[in-house]
Peer 1: 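Encoded as structure tokens, here's the structure I'll be asking about.
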There are 2 protein chains.
Amino acid sequence: MNNDIAMPHTAMIGSTLYKEVKRGILAALAGGEWKAGEAIPAERKLGERFGVSIGTLRKAIDELVAENILIRHQGRGTFVATHARDHHYFRFFRVVRQDGYKTYPTVALERFRKAKASREACEKLGLGTGARVFQFTNRLMLDDDIVMLDEITLPEALFAGLTEADLRDRPTTLYNLYQDVFGLNVIRTDERLRAGLAEGDSARLLGVPAGTPLIELRRIAFSYHDQPVEWRISRLNTEKYEYLVSEAGA
Amino acid sequence: MNNDIAMPHTAMIGSTLYKEVKRGILAALAGGEWKAGEAIPAERKLGERFGVSIGTLRKAIDELVAENILIRHQGRGTFVATHARDHHYFRFFRVVRQDGYKTYPTVALERFRKAKASREACEKLGLGTGARVFQFTNRLMLDDDIVMLDEITLPEALFAGLTEADLRDRPTTLYNLYQDVFGLNVIRTDERLRAGLAEGDSARLLGVPAGTPLIELRRIAFSYHDQPVEWRISRLNTEKYEYLVSEAGA
DNA sequence: AAGTGGTCTAGACCACTAC
DNA sequence: TAGTGGTCTAGACCACTTA
């Protein structure tokens, strides 16, 4: 076989061909060349563009699919993953009823304001002290039970022009709004859980007595290149519901 | 190219060749042909055994590696994953200090007995009512803090001959003991978290006042073919520590 | 030096989708 | 029917490990 074609590629420093291709695709995605929900070019076309064989290109795409960044549909094409379609609406929503039944939450916007970021929010979002942010609180219902309270912080720099109406009237999920309106794709989250107690505000909004045990959840949501785009503290009432972690499945 | 070889394979009902190969490897693993820590035959050999090309065989192994069932080492071979080696000692241990620092827990056996399984344990372990089980309690320390209490239930049928000494003197992790002594490989867990409060026994053993908020964690651990092998209820003190869930990473 | 997994190729045919 | 992704092949060479 002719190695004049294969050899120069492997000479690329500190990497492999398919990783380079993956990086190239990721760069095109981050650069907005293909938007959420759109199809990317066919495998053969992309293979030509990057100057690699179809097998190598597929390996790059394989990894992006495994990371839920792209979605393949046989016979249709390969698409940029969307939080709205693709029926993984609630990849990051892990609350289920104690009998295992899954339902979709109803969301009510409780508060909305512009403010300066707290010290903790600055740290988690990688912002300079005093950076402007949007802060709002959502109340989540499942089966007519108030289950969770989300206190969400978004950098104003990334969500320029966000209004209370955007949040109140949105027809889809929050992360779909980030995607469609602001071009920010949440592809990974980091969540840390502690035990806590309902008090004052949170007790009132959750409709439970002060002192009720709650799960206190801190989440950072990331876009491409590990860019943090959202910081939230949630409080979960587990009287009827549970937080589910299923690990290393087929 | 000669298709007399390739064609008959794809005729296999309801599946693809590499899935068949994967199933074959999984069957050999479950049947004990290759034990934890051992190398499986080289790719070329396995390709011959299953009558497939090396590419197809690699795709089957790729998936088993992604599921943490096998581990590849370039130049050495492909090995059956072990909880002891492979430096993923604590795949299922998600407790970290609030500053993010990870340390390894020290375990003390608190109680050990044989008993009849509780109704809940029977259900989770898929046992008939009244099945015999081992029940024991572990106390976990991190940095000299008592952090977690594990109440663990194991079916006697799977862990025949288990003694208190086995648990007390083991040089490695619990899941490594399951592997080495009983041939049971934990490859997946299902965890459900609720908020709770320390009371009586748990407060005493954790060294906290009654009424301290805790995370209450229910876990089922599975081996091959979704066979449940362990059921546990843990109580986690999150005063200095957190339960970490990092999702969909590269 | 021999043996292992890791990368890459070039192209075949299949299954599915849309027109 | 044309175009897409899905599967599979046969074999090359590379990088790494062990002896």
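Values below: every heavy atom of this structure, side chains too, minus hydrogens, waters and symmetry copies.
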Peer 1: Once you round it to whole Å, what is the distance between C1' of D:dA12 and CD1 of B:I54?
Peer 2: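 Taking CD1 of B:I54 and C1' of D:dA12, I get 12 Å after rounding.
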Peer 1: Detail all sub-3.5 Å separations between protein N/O atoms and N/O atoms belonging to nucleotides 16-19 of chain C.
Peer 2:
none

Peer 1: Please determine, for the side chain of B:L17, which listed nucleotide (C:dT7, D:dT4, D:dT9) has the closest atom?
Peer 2: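 Looking only at heavy atoms from C-beta outward on B:L17, the closest nucleotide is D:dT9.
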Peer 1: For the pair made of CG in B:L46 and P in C:dT4, what is the distance, rounded to whole Å?
Peer 2: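 Roughly 11 Å, once rounded to whole Å.
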Peer 1: Excluding sequence neighbours, so at least two apart, what forms side chain to side chain donor-acceptor pair (under 3.5 Å) with B:R97?
Peer 2: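 Side chain to side chain donor-acceptor pair (under 3.5 Å) check on B:R97 returns B:D99, B:D143.
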Peer 1: Please check this pair: side chain of A:T78 against backbone of A:I71, looking for a donor-acceptor N/O pair closer than 3.5 Å.
Peer 2: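 Flag not set: sc A:T78 to bb A:I71 has no pair under 3.5 Å.
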Peer 1: A:E43 CD to C:dA10 P: how many Å, rounded?
Peer 2: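 So the CD-P distance, A:E43 to C:dA10, works out to 16 Å.
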Peer 1: Between atom CZ in A:R72 and atom C1' in C:dA15, what is the gap in whole Å?
Peer 2: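 One finds 15 Å between C1' of C:dA15 and CZ of A:R72, rounded.
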Peer 1: Quick check on side chain to side chain contact (heavy atoms under 4.5 Å, CB included): which of B:L184, B:L125, B:L154 does B:V229 satisfy it with?
Peer 2: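 Output: one option passes, namely B:L184.
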Peer 1: Counting only non-hydrogen atoms, which of residues 55-64 of chain A are less than 4.0 Å from DNA chain C?
Peer 2: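 Of all residues in residues 55-64 of chain A, the ones placing a heavy atom under 4.0 Å from DNA chain C are A:G55, A:T56, A:K59.
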Peer 1: Please state how far atom NZ in B:K22 lies from atom P in D:dC8, giving the value in whole angstrom units.
Peer 2: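 After rounding, the gap between these two atoms is 13 Å.
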Peer 1: Can you see if the side chain of B:S53 gets near the phosphate of D:dC8 - specifically, an N or O under 4.0 Å from OP1 or OP2?
Peer 2: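 For B:S53, the contact criterion (side-chain N or O under 4.0 Å from OP1 or OP2 of D:dC8) is not met.
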Peer 1: Between D:dG6 atom P and B:K19 atom NZ, what is the distance in whole Å?
Peer 2: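 Distance, rounded to whole Å: 12 Å.
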Peer 1: Does a side-chain N or O from A:R44 land closer than 4.0 Å to OP1 or OP2 of D:dT4, or not?
Peer 2: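 No.
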Peer 1: Figure out the CD/C1' separation between A:E20 and C:dC8, and round it to whole Å.
Peer 2: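 Rounded to whole Å, this separation is 14 Å.
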Peer 1: Whether B:E63 and B:K19 form a salt bridge (side-chain N of Lys/Arg under 4.0 Å from carboxylate O of Asp/Glu) is what I want to check.
Peer 2: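 A salt bridge links B:K19 with B:E63.
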Peer 1: Using the test side chain to side chain contact (heavy atoms under 4.5 Å, CB included), find all partners of B:S234 that sit at least two apart in sequence or belong to another chain.
Peer 2: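 Applying side chain to side chain contact (heavy atoms under 4.5 Å, CB included) to B:S234 gives B:M148, B:D150, B:L217, B:R232.
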Peer 1: Can you name the residues that form a ring-ring contact (aromatic ring centres under 6.0 Å, His included) with B:F182, not counting sequence neighbours?
Peer 2: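 B:F182 satisfies ring-ring contact (aromatic ring centres under 6.0 Å, His included) with B:F159 once adjacent residues are dropped.
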Peer 1: How would you list, by chain and number, every residue that makes a ring-ring contact (aromatic ring centres under 6.0 Å, His included) with B:Y243, sequence neighbours excluded?
Peer 2: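 So B:Y243 forms no ring-ring contact (aromatic ring centres under 6.0 Å, His included) with any residue.
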Peer 1: Out of C:dC8, D:dT4, C:dG5, which nucleotide sits closest to the side chain of A:T16?
Peer 2: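 Between C:dC8, D:dT4, C:dG5, the one nearest the side chain of A:T16 would be C:dC8.
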Peer 1: What is the separation between atom CD on B:E48 and atom C1' on D:dT9, rounded to the nearest whole Å?
Peer 2: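 From B:E48 CD to D:dT9 C1': 15 Å.
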Peer 1: Are B:R218 and B:E191 ion-paired here, with the side-chain N under 4.0 Å from a carboxylate O?
Peer 2: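 The answer is no: the pair does not qualify as a salt bridge.
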Peer 1: Pick one: which of B:V245, B:I215, B:L236 meets side chain to side chain contact (heavy atoms under 4.5 Å, CB included) with B:L193?
Peer 2: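 When B:V245, B:I215, B:L236 are each tested with B:L193, the side chain to side chain contact (heavy atoms under 4.5 Å, CB included) holds only for B:I215.
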